[in-house]
Q: 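Take this structure first; my questions come after.
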Amino acid sequence: MSTLSSGLRPPPVRPAAAAAPEPRAARFRLSPADRDVLWLYLLTRISLWITAHFARWLFPAQSGVREAAPVLAPFQHWDANHYLHIARDGYFPAGAGPWTSGWDNREAFFPGYPFLLRAVHTVVPDWTAAGLLISLVAGAVAVLALARIARAYLPEEGAGHRTVVLFLLSPCAVFLAAGYTEALFLAFALPAWLAAMKHRWALAAVLTTLGTAVRVSGLFLAAAIGLLFLLSVRAGGGSRTWRSAGWTLLPALPPTAYSWYLHAHTGDWMAWKHGQERGWYRTFHPPWEAWANTWAGAFGGTQSTGYALMFQAELAAMLVGLALVALLVRRRRWPEAVYVALSLWALGTSYWYTSVPRATLLWWPLWIGLAALSLRRPWFRTVYLCVAAPVTTLVALTFLTGRWAG
């Protein structure tokens, strides 16, 4: 634990005036380390696409079929279909809505990703291919930013590469390639954090605002960056830093605008939250009740074996998140602790846990901390890869064959 916590120590918070300006050209120039990360990213994408190709042959939806499913069929599952329907038909097609029988509760999903999907579709005719292209490009941006953040936090050579390896081979990494929002959100959130670390508050606010258009998690990021801003003021930023305070309010704009849009169509300001409650059991429950209900699903014999295993993974991911928050608090990493803690609160106060393993992809301090541990304890990398490789493959196959909700 001490090794991991020492690896999580950030650079000291400096006044904004003390931050050396970075040449504009250097911000976009790819270093050899950046190119190495991108090659790693591309190779893992190829590996995943190969897995998807064989999955559609080996695991058909029905037994006895003599033709494989379409090439992109492995990626046409679950939330990807919700985003496709929103992008193609809008939120309330033909006057349908929560008042309609069999409604799919699509208003639970924020509009950033469907809006971009519709724009890309004008160039890429196939909806699924357009979604995969978004995730491919966004994922590349995300891993570059993650590697740069890791290099800022860890002095060891190869820290960025090691962090990205652990991240891309994490159990739920398949969702970075699918038509989901994780890659796109991280493509905004990680550069936003990198900008905030350099006290470029306006850029951080704009990127965070784009993140809040994609996921409600953007508000958690906004809170963390707001706290980082206050800490920089306390460190001696002075009036010059306070002039940037207004930027910290910008990320509230997309959720506010979306709530106004939903109210205009449904009369409900919190229609997105109520859609989550109807469709995914996200009604508020105290954390101990959520834990008990998830435990019953995992070990109480109330679920099929596949779903019981899913609930077991939810519990494990929650424990990892709680340990991460405790570690961040111990190291007085208050902004990162706030970000992860808010995520855990949102996920841990539903009827039962849903999508906590997938949320680990958004906790960049976790991957940097694990990279620090593996750099100082080489055996840990071997153990991690031996455990993660089969689990990652299993999760990818269950998603690609439509056998798991994610």
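Predicted, not measured: the structure shown is a model, and the values here were computed from it.
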Q: Within the 4.5 Å heavy-atom criterion, are Leu207 and Trp193 side-chain neighbours or not?
A: no
Q: Take a 6.0 Å sphere around CH2 of Trp260 and say whether it holds more than 12 heavy atoms from other residues, nucleotides or ligands.
A: no
Q: Kindly indicate, with the supporting measurements, whether the criterion salt bridge (charged side-chain N to carboxylate O under 4.0 Å, His left out) is fulfilled by Arg148 and Asp34.
A: CA-CA 8 Å; Arg148 292 183 178 185; Asp34 289 333; 2.8 Å; yes
Q: Check whether any side-chain heavy atom of Leu30 sits under 4.5 Å from a side-chain heavy atom of Leu144, and report yes or no.
A: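 In short, these two side chains touch, coming nearer than 4.5 Å.
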Q: With a 6.0 Å cut-off (strictly less than), is the heavy-atom count around CH2 of Trp247, excluding the residue itself, greater than 12?
A: no
Q: Run the numbers on Leu166 and Ser374 for side-chain contact (heavy atoms from CB on, under 4.5 Å), then give the verdict.
A: CA-CA 10 Å; Leu166 301 182; Ser374 70; 4.2 Å; yes
Q: Is the shortest heavy-atom distance from the side chain of Arg381 to the side chain of Arg162 under 4.5 Å?
A: yes
Q: When you check the side-chain N and O atoms of His274 and Asp268, is any donor under 3.5 Å from an acceptor?
A: yes
Q: Hey, does Phe299 have a side-chain heavy atom less than 4.5 Å from the side chain of Gln312?
A: yes
Q: Do Glu107 and Arg278 have side chains that approach each other closer than 4.5 Å (heavy atoms only, starting at C-beta)?
A: yes
Q: Would you indicate whether the side-chain heavy atoms of Leu186 and Phe167 approach each other to under 4.5 Å?
A: yes
Q: Within a reach of under 6.0 Å around CH2 of Trp269, are more than 12 heavy atoms found that belong to other residues, nucleotides or ligands?
A: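 Yes, CH2 of Trp269 has more than 12 neighbouring heavy atoms, counting only those of other groups under 6.0 Å.
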Q: Is Val216 close to Trp272 at the side-chain level, that is, under 4.5 Å between some pair of heavy atoms?
A: yes
Q: Can you confirm whether or not the ring centre of Tyr180 sits under 6.0 Å from the ring centre of Phe399?
A: yes
Q: Any chance you could measure Trp127, atom CH2, to Arg118, atom CZ, to the nearest 0.5 Å?
A: 5.5 Å
Q: Can you say whether the rings of Phe92 and His265 are parallel (under 30°), tilted (30 to 60°) or perpendicular (over 60°)?
A: parallel
Q: Looking at the rings of Phe109 and Trp280, which for Trp means the six-membered one, are their centres under 6.0 Å apart?
A: yes
Q: Do Leu176 and Leu168 have side chains that get closer than 4.5 Å, going by heavy atoms?
A: yes
Q: Should the ring pair Tyr351 and Tyr281 be called parallel, tilted or perpendicular, given that the plane angle runs from 0 to 90° and is split at 30 and 60?
A: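 Rings of Tyr351 and Tyr281: tilted, as their planes differ by 30° to 60°.
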Q: Check the surroundings of atom CD in Glu157: do more than 12 heavy atoms from other residues, nucleotides or ligands lie under 6.0 Å from it?
A: no
Q: If you count every heavy atom of other residues, nucleotides or ligands that lies below 6.0 Å from Phe284 atom CZ, does the total exceed 12?
A: yes
